[in-house]
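Notes follow once the structure below has been shown.
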Number of protein chains: 2
Amino acid sequence: MSNCDLCVVRNRAICASLDAKELSALNTVGRTRNVVAGESLIWEGEDSVLVANVIEGVLKLSTNTEDGREQIVGVVYPSDFIGRPFGGTTGHGVTALTDAKVCVFSRRDFDAFAREHPALEHKLLERTLGELDRTRRWMLLLGRKSAGEKMASFLVEMVERMDNTAGCAIRFEQPNRRHVTLPFSRQQIADVLGLTIETVSRQFTRLKNEGIVDLPSRREVVILDLDALVAEAG
Amino acid sequence: MSNCDLCVVRNRAICASLDAKELSALNTVGRTRNVVAGESLIWEGEDSVLVANVIEGVLKLSTNTEDGREQIVGVVYPSDFIGRPFGGTTGHGVTALTDAKVCVFSRRDFDAFAREHPALEHKLLERTLGELDRTRRWMLLLGRKSAGEKMASFLVEMVERMDNTAGCAIRFEQPNRRHVTLPFSRQQIADVLGLTIETVSRQFTRLKNEGIVDLPSRREVVILDLDALVAEAG
DNA sequence: CGAGGGGTTGAGATGGATCAATTGGTGTGG
DNA sequence: CCACACCAATTGATCCATCTCAACCCCTCG
């Protein structure tokens with residue numbers, strides 16, 4: 001009696017590589033867990049003890065300098081995989097931005113299972129290669145883009161990823177228009193983009209004055225002209 | 001008659017997962033190729049047609065904005081893997097920084113071979129996970145570190161990776177001291193760090209004035225106090 | 001109604017960029 | 001072996017995008 005059958009990410013997470021029998025075997029070593037917004041699942045620098053699939057919600061991956069500056073190095077959405085399989089320490093913490101539901105495994109159990117299921121490892125490899133591509137694209141943003149370009153790129157990427165993720169807090173109103181409930185505070189957006197909170201705030205008011213977005217509340221953004229954002233993303 | 005037996009990276013590249021028979025099978029679809037400094041092996045945005053192992057030399061992975069700003073998103077050393085297996089377009093170009101020797105495969109051949117050799121895919125997965133960790137650590141540098149911290153971090157990382165790579169242009173003189181022949185021009189260092197060439201130059205002269213490095217020539221750096229660099233890397 | 005936390009706005013400081021010479025090393029031809 | 005050109009790197013002077021510091025605003029909650 002696997003509850004994977006009911007899992008909403010069943011066909012998009014790495015589990016999609018498994019048949020019913022394999023799935024129920026994996027299910028015996030995993031369990032679902034709810035995480036409230038702000039709660040951490042993994043801490044930077046600790047030995048890798050658990051890995052997980054995201055079922056619901058949005059989480060951040062982040063590192064800090066010794067003196068407390070933070071950089072968010074990744075954002076994960078439903079069906080994404082988190083944690084560091086195959087030994088090693090995790091170089092970044094994992095913290096929920098919204099209330100979330102994840103399917104966790106002890107790293108040792110997962111490692112052992114994966115080594116016996118090449119199709120699962122293959123899926124994980126494809127996912128990791130994709131994540132590496134995405135991360136490298138983000139480096140161009142961090143190293144070479146202006147604050148305006150960063151904000152535009154940020155909003156565009158978030159919308160793209162939410163559009164591809166059922167159950168996310170986004171409304172597709174028209175091809176060029178979206179209504180999003182942000183999973184980020186202003187500070188967190190700053191930590192994604194390598195900016196300060198003040199600069200993020202000023203960019204938001206600029207985009208609003210230019211009629212590209214509307215900001216009904218702190219956590220809501222209405223994108224009025226997605227094409228303009230794409231153009232500005234550089 | 002596989003020439004893999006003579007390969008200097010045989011035991012460190014992903015090929016280490018293969019036995020003699022498998023290796024010779026892989027060898028029939030691969031060939032070595034020399035690349036001169038400045039030559040590109042893969043272009044940004046093209047369909048992924050080839051993958052390779054680095055045997056000798058140093059290469060950069062880079063992306064550009066439409067208006068020509070460049071960001072180096074990775075640097076690869078002997079035994080590292082390059083290219084994007086399993087479909088997709090390559091998000092970054094690959095260009096030799098020094099004369100280099102690589103072992104290239106058509107992506108299609110490599111994909112097919114890999115899918116039949118889970119041990120190879122496993123090695124590739126471990127390598128990709130490690131590369132992702134390294135890349136994410138670099139995001140902290142790009143997003144949150146000052147020019148001084150960036151330069152120090154850059155030199156420390158380069159030295160660490162060269163120390164672990166036989167045949168690199170580095171002399172280990174004392175635990176706290178190294179003599180390196182840079183595979184990078186000043187502009188390339190700037191493109192790694194998200195700085196301008198002038199800022200890189202000024203940081204070099206500062207480090208020299210502070211007695212942390214010596215600069216006998218454009219392409220040589222003598223690190224006189226590695227601990228100081230580590231401390232300054234933040 | 002008052003306190004507190006997140007967000008916005010303003011004014012001023014500054015790290016790094018930009019623009020502009022100048023230097024130094026290397027290769028070439030006389 | 002020198003004179004010249006060429007290119008990368010350095011140095012200097014100035015500028016400006018973003019940061020910093022500080023005040024204020026707006027919700028929400030008690």
Side-chain angles (χ1 to χ4, degrees), chain A residues 37-38 60 65 67-72 97-98 140-155 180-210 213-222 232 234, chain B residues 37-38 60 65 67-71 97-98 141-155 180-210 213-222 232 234:
Chain A
K60 67 170 184 176
T65 56
D67 62 338
R69 287 167 283 173
E70 174 159 335
Q71 176 67 44
I72 294 181
L97 294 177
T98 63
L140 177 64
L141 175 143
L142 288 173
R144 294 296 186 203
K145 290 190 182 179
S146 69
E149 293 171 319
K150 284 179 175 182
M151 275 297 288
S153 306
F154 170 77
L155 291 171
V180 189
T181 301
L182 287 175
F184 303 93
S185 69
R186 294 292 187 266
Q187 182 61 61
Q188 286 159 350
I189 295 173
D191 290 338
V192 171
L193 298 177
L195 296 172
T196 58
I197 185 174
E198 294 94 332
T199 300
V200 170
S201 183
R202 282 185 245 272
Q203 290 298 325
F204 264 129
T205 54
R206 180 184 61 80
L207 289 171
K208 184 176 177 177
N209 291 337
E210 292 175 356
V213 306
D214 193 21
L215 303 166
S217 81
R218 292 175 172 186
R219 288 285 186 151
E220 280 174 293
V221 182
V222 182
E232 221 181 286
Chain B
K60 68 169 184 178
T65 56
D67 61 338
R69 287 166 283 173
E70 173 159 335
Q71 177 67 45
L97 295 177
T98 64
L141 174 143
L142 288 173
R144 293 299 187 201
K145 289 190 182 180
S146 68
E149 292 171 321
K150 284 180 176 183
M151 274 297 288
S153 306
F154 169 77
L155 291 170
V180 189
T181 301
L182 288 175
F184 303 93
S185 69
R186 295 291 187 265
Q187 182 61 62
Q188 285 159 351
I189 296 173
D191 290 337
V192 172
L193 298 176
L195 295 172
T196 58
I197 186 174
E198 294 94 331
T199 300
V200 170
S201 183
R202 282 186 245 273
Q203 289 299 324
F204 263 130
T205 55
R206 180 184 61 80
L207 289 170
K208 184 177 177 176
N209 292 337
E210 292 174 358
V213 305
D214 192 21
L215 304 166
S217 80
R218 291 174 174 188
R219 287 287 185 148
E220 280 174 293
V221 182
V222 183
E232 220 181 287

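Reckoned from all heavy atoms, side chains included, excluding hydrogens, waters and symmetry mates.
Map A/V200 and A/R144 each onto its nearest nucleotide of DNA chain C; the residue landing nearer the 5' end is A/V200. When each of B/G148 and A/F184 is assigned the nucleotide of DNA chain C bearing its nearest heavy atom, the one mapping closer to the 5' terminus is A/F184.
Atom pair B/L215:CG and C/dG24:C1' shows a separation of 14 Å (rounding to whole Å applied). Rounded to a whole Å, the CG atom of B/N209 is 12 Å from the C1' atom of D/dT10. Rounded to whole Å, the distance from CG on A/D191 to P on D/dC19 is 12 Å. A straight line from CZ of A/R206 to C1' of C/dT8 spans 16 Å, rounded to a whole angstrom. In this structure, CD1 of B/I197 is placed 14 Å from C1' of C/dT23, rounded to the nearest angstrom. C/dG6 atom C1' lies 14 Å from atom CZ of A/F204, rounded to whole Å. Across the protein-nucleic acid pair, B/K145 atom NZ and D/dC19 atom P stand 18 Å apart, rounded to whole Å. Taking atom CZ of residue A/R186 and atom P of nucleotide C/dT9, one finds them 10 Å apart after rounding to whole Å.
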Could you list all N or O pairs between the protein and nucleotides 18-20 of chain C that sit under 3.5 Å apart?
from: C/dT18; atom 1: O4; to: B/R202; atom 2: NH2; distance (Å): 2.9
from: C/dC19; atom 1: N4; to: B/E198; atom 2: OE2; distance (Å): 3.0

Which protein N or O atoms sit under 3.5 Å from an N or O of nucleotides 25-30 of chain D?
from: D/dC26; atom 1: O2; to: A/R218; atom 2: NH2; distance (Å): 3.3

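In this model, the phosphate group of D/dT11 is not approached by any side-chain N or O of B/S201 to a distance below 4.0 Å at OP1 or OP2.
Looking at B/L142, B/D191, B/L193 one by one, the single match for side chain to side chain contact (heavy atoms under 4.5 Å, CB included) with B/Q71 turns out to be B/L142.
Of all non-hydrogen atoms in B/K60 and B/E70, the two that sit nearest each other are NZ-OE2, 2.8 Å.
Here A/G194 lies in heavy-atom contact (under 4.0 Å) with sugar-phosphate atoms only. Among the atoms of the strands shown, none is found under 4.0 Å from any heavy atom of B/S217.
Considering only heavy atoms from C-beta on, A/E220 stays 4.5 Å or farther from A/V180 through its side chain. No side-chain heavy atom of A/L207 sits under 4.5 Å from any side-chain heavy atom of A/V221. Looking at B/I189 and B/L182, their side chains come closer than 4.5 Å, going by heavy atoms from C-beta outward. A/V222 has its side chain out of reach of A/V213: every pair of non-hydrogen atoms, C-beta onward, lies at least 4.5 Å apart. Considering only heavy atoms from C-beta on, A/E149 stays 4.5 Å or farther from A/L141 through its side chain. For the pair B/S153/B/E232, no side-chain contact is recorded, criterion being any heavy-atom separation below 4.5 Å from C-beta on.
Under a 3.5 Å cut-off, the side chain of A/Q188 and the backbone N or O of A/S185 do form a donor-acceptor pair.
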